[in-house]
Amino acid sequence: MDIKLKIQETPTFKKLIKNTPFLKGILLKNTTTDSIERIIYQIQKFGEEYVVDKNYMDRELHIAKEIIKDLTE
């Protein structure tokens, strides 16, 4: 799975970069993409309630959930 491509396809990513273009570089950095991949793994393995208290950034959580939703459809 090409995580950077999947991130760019999400509605949250598109909305964020439309409103704040400099976020594109931040959201596609390796550290951010690694974090989103970790969130996806944890949600798939342990469920959404597992990541609630992990202090992940909201935008990363939203993007991860959208990618999971896209994978299951």
Side-chain angles (χ1 to χ4, degrees):
M1 167 172 66
D2 183 11
I3 192 67
K4 290 186 181 191
L5 180 62
K6 292 287 186 188
I7 290 170
Q8 292 177 51
E9 294 173 349
T10 63
T12 299
F13 177 83
K14 291 175 184 175
K15 186 177 112 183
L16 286 170
I17 64 166
K18 181 181 177 188
N19 295 335
T20 316
F22 76 88
L23 282 178
K24 182 176 183 176
I26 294 171
L27 292 171
L28 295 177
K29 283 178 30 179
N30 287 340
T31 54
T32 306
T33 58
D34 290 346
S35 176
I36 292 171
E37 280 187 306
R38 187 177 325 105
I39 294 168
I40 291 169
Y41 171 79
Q42 290 175 345
I43 290 174
Q44 289 177 326
K45 183 85 171 173
F46 306 113
E48 279 190 48
E49 57 279 347
Y50 182 80
V51 296
V52 171
D53 63 344
K54 299 293 182 198
N55 294 327
Y56 290 126
M57 296 187 76
D58 285 337
R59 62 182 177 229
E60 292 177 10
L61 273 172
H62 286 287
I63 290 172
K65 288 177 185 179
E66 289 173 359
I67 291 172
I68 291 169
K69 181 181 170 196
D70 187 46
L71 291 174
T72 58
E73 291 180 346

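Values in this document were obtained by computation on a predicted structure and should not be read as measured data. Here, residue 1 is the first one in the sequence, and each next residue gets the next number.
- Not counting sequence neighbours, Glu9 has no partner by the salt bridge (charged side-chain N to carboxylate O under 4.0 Å, His left out) test.
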Go through Gln8 and Leu28 one step at a time and tell me if the side chain to side chain contact (heavy atoms under 4.5 Å, CB included) criterion holds.
CA-CA 8 Å; Gln8 292 177 51; Leu28 295 177; 3.6 Å; yes

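- Applying the side chain to side chain donor-acceptor pair (under 3.5 Å) test to residues at least two apart or on different chains, the pairs with a partner in residues 22-36 are Lys4-Asn30, Ser35-Glu60.
- Both Phe46 and Ile68 are members of a single hydrophobic cluster when ILVMFWY side chains are connected at heavy-atom separations under 4.5 Å.
- Taking all atoms of both residues into account, the shortest heavy-atom contact from Arg38 to Tyr56 is CD-OH, 3.9 Å.
- Summarising the geometry, atom OG1 belonging to Thr12 is positioned 11.5 Å from atom CD1 belonging to Ile7; distances are rounded to the nearest 0.5 Å.
- Between atom CD1 of residue Ile40 and atom CD of residue Glu66 there is a gap of 10.5 Å, rounded to the nearest 0.5 Å.
- Within the 4.5 Å cutoff, the side chain of Leu71 has heavy atoms near those of the Lys6 side chain.
- Between the CG atom of Leu16 and the CG atom of Leu23 there is a distance of 6.0 Å, given to the nearest 0.5 Å.
- By the criterion of side-chain heavy atoms lying less than 4.5 angstrom apart, applied directly or through intervening Ile, Leu, Val, Met, Phe, Trp or Tyr residues, Tyr50 is grouped together with Ile43 in one hydrophobic cluster.
- At distances below 3.5 Å, not a single donor-acceptor pair connects side-chain atoms of Glu37 with backbone N or O atoms of Ile3.
- Annotation: the span from Leu27 atom CG to Ile63 atom CD1 amounts to 5.0 Å, rounded to 0.5 Å.
- Formation of a donor-acceptor pair under 3.5 Å by the Thr72 side chain with backbone atoms of Lys69 is found in this model.
- A pairwise comparison of heavy atoms in Ala64 and Ile39 identifies CB-CG2, 3.5 Å as the closest pair.
- Side-chain contact between Ile26 and Arg59 is present, with at least one heavy-atom pair separated by less than 4.5 Å.
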